[in-house]
*Asks:* 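Below is one structure. I have some questions about it.
Lettering follows sequence order; numbering is per chain, from 1.
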There are 2 protein chains.
Amino acid sequence: MKRLQWAALSAVEREQALTRPVQEVALKTRDIVADLLRQVREGGDQALSEITQRLDRTRMDSFKVDDDEFAAAEAAIDSDLREAMTQAAERIRAFHAAGMIVDYTVQTAPGVSCERMMRPIGRVGLYVPAGSAPLPSTALMLGVPSQLAGCSQVVLCTPPRQDGSADPAVLVAARMCGIEQVFKLGGAQAIAAMAHGTASVPKCDKLFGPGNSYVTEAKQQVAQSGVAAIDMPAGPSEVLVIADAGANPAFVAADLLSQAEHGPDSQVLLLSDSAAMIEQVQADIERQLPLLPRAEIAHQSLQQSRLIEVDTLEDAFAISNRYAPEHLILALRQPRDWLARVQAAGSVFLGDYTPEALGDYCSGTNHVLPTNGAARAYSGVSVGSFQNAISVQAASAHGIAGIGGGAVVMAQAEGLHAHANAVALRLQAVSI
Amino acid sequence: MKRLQWAALSAVEREQALTRPVQEVALKTRDIVADLLRQVREGGDQALSEITQRLDRTRMDSFKVDDDEFAAAEAAIDSDLREAMTQAAERIRAFHAAGMIVDYTVQTAPGVSCERMMRPIGRVGLYVPAGSAPLPSTALMLGVPSQLAGCSQVVLCTPPRQDGSADPAVLVAARMCGIEQVFKLGGAQAIAAMAHGTASVPKCDKLFGPGNSYVTEAKQQVAQSGVAAIDMPAGPSEVLVIADAGANPAFVAADLLSQAEHGPDSQVLLLSDSAAMIEQVQADIERQLPLLPRAEIAHQSLQQSRLIEVDTLEDAFAISNRYAPEHLILALRQPRDWLARVQAAGSVFLGDYTPEALGDYCSGTNHVLPTNGAARAYSGVSVGSFQNAISVQAASAHGIAGIGGGAVVMAQAEGLHAHANAVALRLQAVSI
């Protein structure tokens, strides 16, 4: 872990201190993914079989999870886990339902009504990764809002296990969200299948979910070529903690470690106005780290971490807004008083008893969030991510008589005379 | 114009009937744009000067519009146009203000609060094209919502005229929205300047606005590389009209022509269950077309248009949802009764007295809309396009005691033991 004193850094050093671990997509990755997309586009299910056998070392005739496999999953899953997922789904549902984007109407002039009419996106595809372990929580985070939005076709892809089966917890989570179309496909080939559609996998209009660098690159490529929309660009997970002198160093250390265990390219940052707190956290990290099963991953990730001493907490918030972290933990005595200063972040966790892990699983917020500074211009997944807004306008004869003249003037100024004419014809009809 | 009878078409012919004019981005365009982006990224303002001299044939020392030019624009603009723009801006403001995404809070469990906290995107860049003529209306469509959202830095780029000045109406429109930072830059180089920032042009986090194929490709490239977010992929403009036997053929013809005059690659579609109506519209198009200053452009565009006879209006709506038009005009007797059938479209115009041109300028809705079928998964520009949602959660000791156990179970199931530990440490502290 690198310890830094912000006030002592030059502009260049500050820039370096906030630079994420390099993750330029290698040209090789780009080409491999482009080739996989092409293979699936041209070869359909046959290509999916060949790629899955080669990359996942699993021979599969059919990718679709059938009723028997769903039933076996329901029987296999531990009751504690089912209960935890059921309650998490309920809280996710409660929070997301309240944030649905709704219809509204404004009378913008006499006889002129303008409206926003919401519609679910028709065909959506969800990707649930299973890198080191399957992530049923991600199935809930994507499945619940897709169900609330009312999408008519929801497809979920998740990588097959070596024996060709899907993780039972992921299947149970999918069912909790009413998802019946689950395919055992992973990686860029899963994204290709949902974007282009094959004989067995339905084509989707928008794709959601986190994934490794191949999945991310595949999502970017299908979005770029206009084949399917995507939720957001994704990158390695990250957390920034702002802690004051009164924070609990063991808690802070545990939060930093829980981010660090995600992967060797995860980044964790601690900002504090207390040198003593930074030292205590560092000591606690060293105490807790060896006890973790994923200590090796966390150890690697900590190489890129930064413990930064700031002069004031105001400075800490300025740094955080510049970095725009995916997760922002405010381990402060009066955390809510500082909230107005937060300008860019994915999700914020207030106080000592709101660890990031709570939001990752079951507070009710979404854990599919913008990384890599994307929080400056992207939001996390919400029901709105699964909805389209269609604008509607209705003018009566009286309405166009009132506002049509302005449209004619503006159309003429822009040299668009057919536009002016379309309005003028109505104005003539109305004035007769 | 191609006349078709839907019921008589094979599946392949139907597919062809709804295919947009081919607009695969030529590899050459892709390379030219990539090169322009690189030049501006590396060469900054100097590169911008060189490119502008070469492509816009204008020699400029400074791109920024100064106070004198703003003042001259205010003096130069016609009072009718100013009045039309002022009223349009008011209606756009009224409609968009009502659609702002707002904060909310849900208590998802005792002692657990989950919140959505809205923030304006900090730095936004607006592109206002001036292909055949400058488009002050687009400055209002982008400027008004950026101002409502409260973005702290709003930059607007619009191509310079041959004499190095900016269009006065665009400058006045920018001022109406409180925008002071206007740069006379066009094309891919303007997108590059706003995405990367130069000594004179501030870096932006999200870019908005329509443009030609170079602008569109540049936006896609900066979005793909993660340099800046964009509003949506853009393509040539298009309209689909559904008309019944009672429609006014002269109105329908005028609406089709007002779309066709946009550019030779625009597409217009008419669907009707009345063969007589289709014939009358066709005759009216032939009557109105020669009278238009942009008759040649409209004539070219009409080559790709389709007049399709359907058996029933239900069929027409099924076709429209499959096509997902940017603009959808319902020239029907009871248009509102059909609205529930609209699943995918950018903006809908109801009845005989709501021509598309009204929404293009001054009904109050936005005219920056998804094209090329993107309406299946994208919405038009709104205030929400300029806002970020940040989720916030706060659990008390009591709160985590209630829900923390579930997080531990789920984290363990996913093999993320540091996550489990971060929660377990708090649970221990709470139970003491």
*Asks:* Check whether the side chains of B:Ser258 and B:Glu356 place a donor and an acceptor atom closer than 3.5 Å, and report yes or no.
*Replies:* no
*Asks:* Relative to chain B, which of A:Met85, A:Gln387, A:Gln224, A:Gln259 shows the most heavy atom pairs under 4.5 Å?
*Replies:* A:Gln224
*Asks:* Where does A:Val124 contact chain B at under 4.5 Å (heavy atoms): side chain, backbone, both or neither?
*Replies:* neither
*Asks:* Within the 4.5 Å heavy-atom criterion, are A:Arg376 and A:Asn321 side-chain neighbours or not?
*Replies:* no
*Asks:* Out of A:Asp80, A:Leu135, A:Val423, return the one with the most heavy atom pairs under 4.5 angstrom to chain B.
*Replies:* A:Leu135
*Asks:* Which answer fits A:Ala374, side chain, backbone, both or neither, if we ask what part of it has an atom under 4.5 Å from a heavy atom of chain B?
*Replies:* neither
*Asks:* Using non-hydrogen atoms only, which part of A:Arg93 is less than 4.5 Å away from chain B: side chain, backbone, both, or neither?
*Replies:* neither
*Asks:* Taking side chain as everything from C-beta outward and backbone as N, CA, C, O, which of these in B:Ile77 sits under 4.5 Å from a heavy atom of chain A? Side chain, backbone, both or neither.
*Replies:* neither
*Asks:* If we only count heavy atoms from C-beta on, is the A:Val348 to A:Leu350 side-chain gap below 4.5 Å?
*Replies:* yes
*Asks:* Checking A:Ser137 against chain B: side chain, backbone, both or neither under 4.5 Å from a heavy atom?
*Replies:* both
*Asks:* Please flag which part of A:Ala375 lies under 4.5 Å from any non-hydrogen atom of chain B: side chain, backbone, both or neither.
*Replies:* backbone
*Asks:* If only side-chain N and O atoms count, and only distance matters, is there a donor-acceptor pair under 3.5 Å linking A:Ser391 with B:Thr365?
*Replies:* no
*Asks:* Taking every heavy-atom pair that is under 4.5 Å apart, which of B:Gln343, B:Glu90, B:Arg119 has the most such pairs with chain A?
*Replies:* B:Arg119
*Asks:* By a 4.5 Å heavy-atom criterion (distance strictly below it), what part of A:Leu292 contacts chain B: side chain, backbone, both, or neither?
*Replies:* side chain
*Asks:* Is chain B contacted by the side chain of A:Ala130, its backbone, both, or neither, given a heavy-atom distance below 4.5 Å?
*Replies:* neither
*Asks:* Between B:His96 and B:Ser382, do the side chains contain an N or O donor and an N or O acceptor separated by less than 3.5 Å?
*Replies:* no
*Asks:* For A:Met117, which atoms come within 4.5 Å of any heavy atom of chain B: side chain, backbone, both, or neither?
*Replies:* side chain
*Asks:* Side chains of B:Glu83 and A:Val409: does their closest heavy-atom pair fall under 4.5 Å?
*Replies:* no
*Asks:* If you compare all heavy atoms of B:Leu81 against all heavy atoms of B:Ala169, which two are closest, and at what distance to 0.1 Å?
*Replies:* CD2-CB, 3.9 Å
*Asks:* On a heavy-atom basis, which atom in B:Asn388 and which in A:Ser379 lie closest, and how many Å separate them?
*Replies:* CA-OG, 3.4 Å
*Asks:* Please identify, among B:Ala413, B:Pro293, B:Pro233, the residue contributing the most non-hydrogen atom pairs under 4.5 Å to chain A.
*Replies:* B:Pro293
*Asks:* Sort B:Ala344 into side chain, backbone, both or neither according to what part of it lies under 4.5 angstrom from a heavy atom of chain A.
*Replies:* backbone
*Asks:* Among B:Gly380, B:Ala340, B:Gly122, which has the most heavy-atom pairs under 4.5 Å with chain A?
*Replies:* B:Ala340
*Asks:* Counting C-beta onward and ignoring hydrogens, is there a side-chain heavy-atom pair between B:Phe349 and B:Ser363 closer than 4.5 Å?
*Replies:* no
*Asks:* Top residue by heavy-atom pair count (under 4.5 Å) with chain A, among B:Asn421, B:Val112, B:Asp78, B:Asp255?
*Replies:* B:Asp255
*Asks:* A:Pro355, A:Pro136, A:Gly346: which one forms the most heavy-atom pairs within less than 4.5 Å of chain B?
*Replies:* A:Pro355
*Asks:* Highest number of heavy-atom pairs under 4.5 Å with chain A: which of B:Ala389, B:Gly399, B:Ala223?
*Replies:* B:Ala389
*Asks:* Which one of A:Gln87, A:Glu115, A:Gln107 has the most heavy-atom pairs closer than 4.5 Å to chain B?
*Replies:* A:Glu115
*Asks:* Verify, without hydrogens or angle tests, whether A:Glu261 (side chain) and B:Ala418 (backbone) share a donor-acceptor contact under 3.5 angstrom.
*Replies:* yes
*Asks:* Counting heavy-atom pairs under 4.5 Å to chain B, which of A:Gly364, A:Ala345, A:Gly351 comes out on top?
*Replies:* A:Ala345
*Asks:* So, do B:Thr354 and A:Gln393 sit near enough that their side-chain heavy atoms are less than 4.5 Å apart?
*Replies:* yes
*Asks:* Side chains of B:His262 and A:Leu416: closer than 4.5 Å at any heavy-atom pair?
*Replies:* yes
*Asks:* With a 4.5 angstrom heavy-atom cut-off, is it the side chain or the backbone of B:Asn248 that approaches chain A, or both, or neither?
*Replies:* neither
*Asks:* What class does the angle between the rings of B:His419 and A:Tyr361 fall in, given that below 30° is parallel, 30 to 60° is tilted and above 60° is perpendicular?
*Replies:* perpendicular
*Asks:* So, are A:Asp103 and A:Arg116 salt-bridged, with charged N and O less than 4.0 Å apart?
*Replies:* no
*Asks:* Identify which of A:Val102, A:Leu257, A:Leu339 forms the greatest number of heavy-atom pairs closer than 4.5 Å to chain B.
*Replies:* A:Leu339
*Asks:* Quick check on A:Asp205 against chain B: is it the side chain, the backbone, both or neither that has a heavy atom closer than 4.5 Å?
*Replies:* both
*Asks:* Considering only heavy atoms and a distance below 4.5 Å, find which of B:Ala422, B:Ala377, B:Ala407 pairs most often with chain A.
*Replies:* B:Ala377
*Asks:* Given 3.5 Å as the limit, does a donor-acceptor pair link the side chain of B:Arg91 with the main chain of B:Cys362, or not?
*Replies:* yes
*Asks:* With a 4.5 angstrom heavy-atom cut-off, is it the side chain or the backbone of A:Leu256 that approaches chain B, or both, or neither?
*Replies:* neither
